[in-house]
2 protein chains.
Amino acid sequence: MRITQADIAKIANVSQPTVSRVVSGDGRVEEGIRQRVLEVMREHNYQPDARARSLRSKRAGLIGLVVKRPKGGLSDDPFFASLISAIMDFLVGKPYHLCADMTLDAQSQVGLYDELLRSRRVDGLILVESEALDERVHRLQADHFPFVLIGNPMGNEAIWSVDNDNVLAGRIATQHLLDQGFRRIGFLAGPSETTVTRDRLEGYMQALRGRQDRAFVWHSDFGSQAAREATREHILTAPEVPDALVVLDDFMAMGAVQALRDFGANVPGDMGLVSFNDSAICRLIEGGLSSVSLNIETLVQTACERLVDAIEGRDPDGPRRTLIPSALIARGSSQPREVARR
Amino acid sequence: MRITQADIAKIANVSQPTVSRVVSGDGRVEEGIRQRVLEVMREHNYQPDARARSLRSKRAGLIGLVVKRPKGGLSDDPFFASLISAIMDFLVGKPYHLCADMTLDAQSQVGLYDELLRSRRVDGLILVESEALDERVHRLQADHFPFVLIGNPMGNEAIWSVDNDNVLAGRIATQHLLDQGFRRIGFLAGPSETTVTRDRLEGYMQALRGRQDRAFVWHSDFGSQAAREATREHILTAPEVPDALVVLDDFMAMGAVQALRDFGANVPGDMGLVSFNDSAICRLIEGGLSSVSLNIETLVQTACERLVDAIEGRDPDGPRRTLIPSALIARGSSQPREVARR
DNA sequence: TATTCTTGTGAATTCGTATTCTCGCATGAT
DNA sequence: ATCATGCGAGAATACGAATTCACAAGAATA
C-alpha cells in the first residue's frame with residue numbers, strides 16, 4: 001500500500017490539506033505543526049504522487065522534444081547528440097524532465113502532437129525543424145501551446161525561435177578563406193531543402209560580394225560518402241576547379257578530404273577547407289580541419305529558458321527570434337597556400 | 001475550457017462511463033451508441049487527459065532513462081547517441097514515451113530515483129552503468145521496481161540485464177589480428193574501472209592464450225587526445241613495441257593513428273589496428289579502421305522488451321542476463337603486413 | 001407465464017493532491 | 001465595548017477518467 005497525504009495527516013493528527021501545504025511549501029502552516037508533519041513524512045518515507053499532483057495542479061513537469069528521424073537514423077548525427085545532451089544538462093535540478101520522441105513521418109508527427117500536448121502529457125515543446133515548417137506549427141500557435149522552435153521560422157514573426165546564426169557562420173567561413181588568400185572559393189552544400197544549407201549559402205554569397213566575381217555551388221546529400229562522391233565527380237571535374245571549399249558540415253568535409261586524397265591533392269595546398277560544427281572529428285586529419293563552432297550549449301540554453309518562461313506565463317519582451325553567433329576555429333585546412341607550401 | 005468525457009457524454013446523451021468505455025475500447029457498448037459517441041468526440045476534437053488517465057489506471061506511459069554524465073558532457077559519445085536514438089526508435093508506436101535524465105553525481109542519482117520512480121512518474125527504468133553498481137540498484141530491487149540494466153551486473157544474478165558481449169568482442173578483435181599474422185599484439189584500454197575495459201581485456205587475454213606468450217596492456221583516458229598521448233609516450237617508447245593494437249574504441253584508435261602518423265609509422269604496415277563500435281569515423285582514415293560492430297539496436301531492443309515485459313507483469317523464463325554478440329568489420333587497418341606492404 | 005441469463009447502461013466511487021471556502025479565535029483600531 | 005482584520009487549519013470540492021456495482025430491459029429457458 002502506498003503512503004498518501006491522508007495517511008500522513010492521520011498519523012500527525014492534522015488534516016490532509018495541511019500536509020499538502022507543508023509539502024508544497026505555500027500557504028501558512030505553524031512551525032510546530034510543520035515540523036511534526038515533516039517528521040512523520042520522513043519516518044514513513046513519504047513521496048508525493050506526481051500523477052495526482054499534476055492532475056490537480058495542471059503542471060506535468062515534462063518538456064517534450066520531437067525529432068524527425070533522418071534517413072539512416074540519428075545515431076551518428078553529432079548535432080542531435082549535442083542537442084539532447086545539452087537539454088538534459090539544462091534540466092538538471094530544474095522541476096522539469098525531458099520527454100523525447102522520434103517520429104518517422106509527418107503523419108505520426110500530428111499523432112504525437114495530440115498524444116503529447118493535447119493530452120497534457122507535457123507542458124511545452126521544443127521543436128527541431130531543419131526544413132520548411134508544416135501544419136503542426138500552426139496548430140501549436142492556434143492552440144496557444146508553449147513551444148520554441150530550434151531552427152528557422154521562415155519569416156513567421158510570431159514564433160519564439162532560437163537558431164544558429166547560419167548566415168553569419170557562412171559569412172565567417174567564407175570571409176576567413178578570403179582573408180587567407182584563397183581566390184576561387186566554392187561551396188559544397190547539403191540538400192537545398194534544408195535551411196542550414198540555404199542560410200549558410202546566403203552567408204557565403206554575402207561574403208563573396210565584391211570579392212569574387214562568381215559563386216561555385218554544389219549540392220550533395222549529407223554524410224561523408226555522398227560528399228566524397230560529389231567532390232570526386234562534380235567538383236574535381238568542374239571546368240573551373242575552386243582553390244578552396246566551404247563545406248556544410250564536418251562529416252561532409254571529411255568526405256571531401258578523402259576525395260582530394262584519392263585525387264592526389266593536398267589540403268590546404270591544393271584546396272583550402274572550412275566546415276561547420278567543430279565536432280571531434282576536426283582533429284582527426286593532419287593539421288586539423290578548420291570549422292565554425294556553433295555553440296549548441298548556448299542555443300539550447302536560450303531555447304529552454306524561453307520555453308520555461310512561456311510555460312510559466314512569463315512573456316519576456318525583446319525579439320522572438322534569437323540567433324546564436326558562431327566563431328571560427330582555424331586549423332591547418334585553411335592555412336594560406338604560401339604557408340602550407342613552405 | 002477543456003472538453004472532458006463528461007461533456008462528450010452530455011452531448012451524446014450517454015453517461016460518462018460509457019464514453020470511457022468507448023475510448024478505452026473495453027467493456028461492451030452497443031454499436032449505435034459507440035458510433036454516436038465517436039462522432040461527437042470527433043466533432044469536438046476530444047483528446048483524453050493523460051494525467052487523469054494515469055492517475056486512475058496507474059500507468060504513466062513513460063520509461064525512464066538515467067545517464068550519468070561523463071566528464072566533458074555526452075555530446076561526443078557516439079554510444080550514448082546510438083543508445084538514445086535506438087530507444088526512441090523502439091518506442092515509436094508503442095504506448096510509452098522516453099523520459100531521459102542526466103545526473104552529475106551519485107547524490108542526485110538517488111534524488112532522481114525518488115523523483116522518477118517513487119513518485120510514479122515513470123513505469124520503469126533503463127539503467128546504464130559503465131562502472132560498478134551502487135546502492136540505487138539494491139533499492140530498485142528491494143522496492144520491486146521494473147528495471148533493466150544495460151551493462152554488466154557484476155555477478156548479481158537477480159538483475160535483468162543486457163550487455164554487449166564485450167569479452168567475445170575482445171576475443172574477436174584479438175583473434176582477427178592473430179589470424180592476420182600479427183605476433184605481438186598490445187591492448188590500448190580505457191580507465192580500468194570501466195567494465196567495457198575489463199571485459200574486452202579479458203577477451204583479449206583469452207584469445208592470446210597459447211598464441212602469444214605475454215600481454216601488452218596500456219591504460220589511457222577516453223578520447224582521441226588522451227589516446228594519442230598514451231600511444232606516443234608509452235606505447236611507442238616501450239621496450240617491446242607491439243606490431244598491432246586492439247584499441248578500446250574508435251576515437252581512441254583515431255588518436256593512436258595520429259600518434260603513429262606523427263612518428264612516421266604506417267597503419268597497418270608498422271602497426272595493425274582493430275577497435276570497437278564501428279562508428280562513422282572508421283571510414284575516415286585511409287583504408288578504413290577495422291572495428292568490432294556492437295549491434296546497439298539489438299541491445300536496446302532486447303532491453304526495452306524485457307522492461308516492457310516487467311512493467312506489464314510478464315516475467316519471461318530464461319536467463320536474466322543477455323549478451324549481444326558482436327561482429328568484426330574488417331578494413332584496411334588490420335590487413336596482413338605482407339599485403340599492406342606490397 | 002414465471003424465471004433465469006444476458007447485455008448494456010448510469011449512479012456512485014476512486015485515484016492522491018491542490019485549492020477554495022469557511023470558521024473560530026485573537027488582535028488591534030475605533 | 002464593538003467591529004474590521006488576519007491568521008491558521010479543517011471541510012468540502014475539483015481535477016478527469018476508470019472502475020465497481022446495481023439495475024434495467026430484453027432474450028432465453030422452464
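Because the structure is a prediction, the values reported are computed rather than measured. Below, chain A is the first sequence line, B the second, and so on; all start at residue 1.
Using a 4.0 Å cut-off, no side-chain N or O of B/R53 falls inside it from OP1 or OP2 of D/dG16. For B/S57, no side-chain nitrogen or oxygen approaches OP1 or OP2 of D/dT19 to under 4.0 Å. B/Y46 has no side-chain polar atom (N or O) that falls below the 4.0 Å cut-off from OP1 or OP2 of D/dG16. In this model, the phosphate group of D/dT19 is not approached by any side-chain N or O of B/S20 to a distance below 4.0 Å at OP1 or OP2. At the phosphate of C/dG16, OP1 or OP2 sits under 4.0 Å from a side-chain N or O atom of B/R120. In this structure, B/R28 reaches the C/dG8 phosphate: one of its side-chain N or O atoms is under 4.0 Å from OP1 or OP2. For the pair B/Q5 and D/dA18, the criterion of a side-chain N or O lying under 4.0 Å from OP1 or OP2 is met.
Nearest nucleotide to the side chain of B/T18, out of C/dG10, C/dC15, C/dA12: C/dG10.
Within 6.0 Å of the CZ atom in B/R28, the count of heavy atoms belonging to other residues, nucleotides or ligands does not exceed 12. In the displayed structure, B/K94 atom NZ is contacted under 6.0 Å by more than 12 heavy atoms of other residues, nucleotides or ligands.
Note on B/R59: nothing from the nucleic acid sits closer than 4.0 angstrom, heavy atoms only. Contact annotation for A/V14: backbone-only contact, meaning every heavy-atom pair under 4.0 Å involves sugar-phosphate atoms and none involves a base. Within 4.0 Å (heavy atoms only), A/T4 reaches sugar-phosphate atoms of the nucleic acid but no base atom.
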- [ ] Apply salt bridge (charged side-chain N to carboxylate O under 4.0 Å, His left out) to the pair A/R42 and A/E39, showing each step before the final yes or no.
- [x] CA-CA 5 Å; A/R42 215 172 302 117; A/E39 177 59 24; 2.9 Å; yes

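Straight-line distance from the NZ atom of A/K58 to the C1' atom of C/dT19: 11 Å, rounded to whole Å. Rounding to whole angstrom units, CZ of residue B/R51 and P of D/dC15 are separated by 14 Å. A straight line from CD of A/Q47 to C1' of C/dT17 spans 13 Å, rounded to a whole angstrom. In this entry the distance linking CG of B/D26 with P of D/dT19 reads 7 Å, nearest Å. Spacing between atom CZ of B/R121 and atom P of C/dT17 amounts to 13 Å, rounded to whole angstrom units. Atom CD1 of B/I8 and atom C1' of D/dA17 are 13 Å apart (whole Å).
A salt bridge links A/D123 with B/R51; the closest basic N to acidic carboxylate O contact falls under 4.0 Å. Using a 4.0 Å cut-off between charged side-chain N and carboxylate O, B/E157 and B/R320 make no salt bridge.
What you find for A/C99 and B/H97 is that their closest heavy atoms are SG-CB, 3.7 Å.
The closest side-chain heavy-atom distance from A/K68 to A/E131 is not below 4.5 Å.
Residue order along DNA chain D, read from the 5' end via each residue's closest nucleotide, puts B/L55 first among B/R21 and B/L55.
If you check residues 29-37 of chain A against DNA chain D, the residues with a heavy atom closer than 4.0 Å are A/V29, A/E30, A/I33, listed by number.
For A/Q16 against D/dA11, no side-chain N or O and base N or O form a donor-acceptor pair under 3.5 Å. Between the base of C/dA18 and the side chain of A/R56 there is a donor-acceptor pair shorter than 3.5 Å.
Donor-acceptor pairing under 3.5 Å is recorded for the side chains of B/T18 and B/S15. A donor and an acceptor atom, one from each side chain of B/E31 and B/Q35, are located under 3.5 Å apart.
Not one N or O on the side chain of A/R121 forms a donor-acceptor pair closer than 3.5 Å with the backbone of B/A50.
When the local axes at the two ends of the helix from C/dT1-D/dA30 to C/dT30-D/dA1 are compared, using 5 base pairs at each end, they differ in direction by 50° after rounding to 10°.
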